[in-house]
*Asks:* 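Take this structure first; my questions come after.
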Amino acid sequence: MPSLVSDAVDAYVVRRLNARLQFLLLQRRGDAPFGGSWQAIHARIEPEETAVTAAERALFDTTGMAPGVVYSADYVNQIFDHGRDAIVFIPVLAFEVPPTSQIALGEDFVQHEWCERDEAAARLLWSGQRWSVRHIADVIGAGGSTAEFYLIR
């Protein structure tokens, strides 16, 4: 029987530019796993970490950025990891950064782009990632009291 685990986190970096929400996507090196694919930030949660601290660590390691505003995306991605015979529940977070944030890509990535919702969703490989982008745009993108409900800090 498959086990149930939650040892990973997904984080989507967003910025508001000209009143439009944009998502940061990163393209993996060609020789890396899933080479050439576009993705958000994904991390394993170490035993001493929370999902938020793991995502913050991965944000810094992957982009050189510190988190700005942190939101719960009110969504849990799920995958089946056949190698571990496990169903993995992955909390989804969103980091909002200033529009002028500088990015220093980690060694597994060759480029980055800021994309609006539909373009970001079209570039992402997994359906859970595409759903996450659409959901973040809907619940956090509007801002105001709706977004504040999901605010972590």
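Values below: every heavy atom of this structure, side chains too, minus hydrogens, waters and symmetry copies. For clarity, every value in this text was computed on a predicted model and none was experimentally measured.
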*Asks:* Counting only heavy atoms not in Phe149, do more than 12 fall under 6.0 Å of its CZ?
*Replies:* no

*Asks:* Just verifying a value: how many Å separate Ser132 OG and Leu93 CG, rounded to the nearest 0.5 Å?
*Replies:* 10.0 Å

*Asks:* For the backbone of Gly141 and the side chain of Arg16, can you confirm whether one donor and one acceptor N or O come within less than 3.5 Å of each other?
*Replies:* yes

*Asks:* Would you mind checking if Asp138 and Arg117 are paired as a salt bridge, meaning a charged N to carboxylate O distance below 4.0 Å?
*Replies:* yes

*Asks:* Would a single hydrophobic cluster contain both Leu21 and Val69, if residues Ile, Leu, Val, Met, Phe, Trp and Tyr are joined by side-chain heavy-atom contacts under 4.5 Å?
*Replies:* yes

*Asks:* Side chain of Glu49, backbone of Glu46: donor and acceptor closer than 3.5 Å?
*Replies:* yes

*Asks:* Hey, mind stepping through Phe89 and Val5 against side-chain contact (heavy atoms from CB on, under 4.5 Å) and telling me if it holds?
*Replies:* CA-CA 6 Å; Phe89 295 103; Val5 297; over 6 Å; no

*Asks:* Rounded to the nearest 0.5 Å, what separation is found between the CG atom of Leu124 and the CZ atom of Arg130?
*Replies:* 7.5 Å

*Asks:* With no hydrogens and no angle check, is any side-chain donor or acceptor of Asn18 less than 3.5 Å from a backbone partner on Arg20?
*Replies:* no

*Asks:* Any sub-3.5 Å donor-acceptor pair from His135's side-chain atoms to Tyr75's backbone N or O?
*Replies:* no

*Asks:* Minimum heavy-atom separation for Val13 and Leu59, please, with both atom names.
*Replies:* CG2-CD1, 3.5 Å

*Asks:* List the atom of Ser72, the atom of Ile140, and the distance in Å for their closest heavy-atom pair.
*Replies:* O-CD1, 4.0 Å

*Asks:* Do Leu24 and Thr63 touch side chain to side chain, with heavy atoms closer than 4.5 Å?
*Replies:* yes

*Asks:* For Glu48, look at atom CD and say whether over 12 heavy atoms of other residues, nucleotides or ligands are found less than 6.0 Å away.
*Replies:* yes

*Asks:* Would you sort out whether Val97 and Val14 count as a side-chain contact (heavy atoms from CB on, under 4.5 Å), showing the intermediate values?
*Replies:* CA-CA 6 Å; Val97 298; Val14 298; over 6 Å; no

*Asks:* So do the side chains of Trp114 and Ile103 get within less than 4.5 Å of each other, counting heavy atoms only?
*Replies:* yes

*Asks:* Going through the checks in order, is the side-chain contact (heavy atoms from CB on, under 4.5 Å) test met by Val88 and Gln78?
*Replies:* CA-CA 6 Å; Val88 183; Gln78 56 193 12; over 6 Å; no

*Asks:* Give a yes or no on whether a salt bridge exists between Asp7 and Arg84, defined as a side-chain N under 4.0 angstrom from a carboxylate O.
*Replies:* yes

*Asks:* Any idea which heavy atoms bring Ser6 and Ile45 closest together, and the distance?
*Replies:* O-CD1, 4.4 Å

*Asks:* Anything under 30° is parallel, anything over 60° is perpendicular, the rest tilted; go ahead and classify Tyr12 against Phe23.
*Replies:* perpendicular

*Asks:* Once rounded to the nearest 0.5 Å, what's the spacing between atom CG of Leu26 and atom CZ of Phe109?
*Replies:* 5.0 Å

*Asks:* Which pairs would a plain distance check flag for residues 27-43, meaning a side-chain donor or acceptor within less than 3.5 Å of a matching protein atom at least two apart in sequence or in another chain?
*Replies:*
residue, atom, partner, partner atom, Å
Gln27, OE1, Gln111, NE2, 2.6
Gln27, NE2, Gly36, O, 3.0
Arg28, NE, Pro33, O, 2.7
Arg29, NE, Asp31, OD1, 2.6
Arg29, NH1, Glu107, O, 2.9
Arg29, NH1, Asp108, OD1, 3.1
Arg29, NH2, Asp31, OD1, 3.1
Ser37, OG, Phe34, O, 2.6
His42, ND1, Asp10, OD1, 2.6
His42, NE2, Gln129, NE2, 3.2

*Asks:* For the CG atom of Asp85 and the OG atom of Ser3, what is their distance to the nearest 0.5 Å?
*Replies:* 6.5 Å

*Asks:* Given side-chain contact (heavy atoms from CB on, under 4.5 Å), test Thr62 with Phe60 step by step and report yes or no.
*Replies:* CA-CA 6 Å; Thr62 305; Phe60 183 77; over 6 Å; no

*Asks:* Below 4.5 Å, heavy atoms only, C-beta onward: do Val92 and Ile136 meet side chain to side chain?
*Replies:* yes

*Asks:* Would you say Ile79 and Ile90 make side-chain contact, with heavy atoms under 4.5 Å?
*Replies:* yes

*Asks:* State, with a plain yes or no, whether a side-chain heavy atom of Val52 is found less than 4.5 Å away from one of Ile152.
*Replies:* yes

*Asks:* Does the distance from a Lys or Arg side-chain N to an Asp or Glu carboxylate O, for Glu96 and Arg15, drop under 4.0 Å?
*Replies:* no

*Asks:* Ignoring hydrogens, what is the shortest heavy-atom contact between Ala55 and Val9? Give both atom names and the distance.
*Replies:* N-CG1, 3.8 Å

*Asks:* Which pair of heavy atoms, one from Cys115 and one from Ala120, lies closest together, and at what distance?
*Replies:* CB-N, 3.7 Å

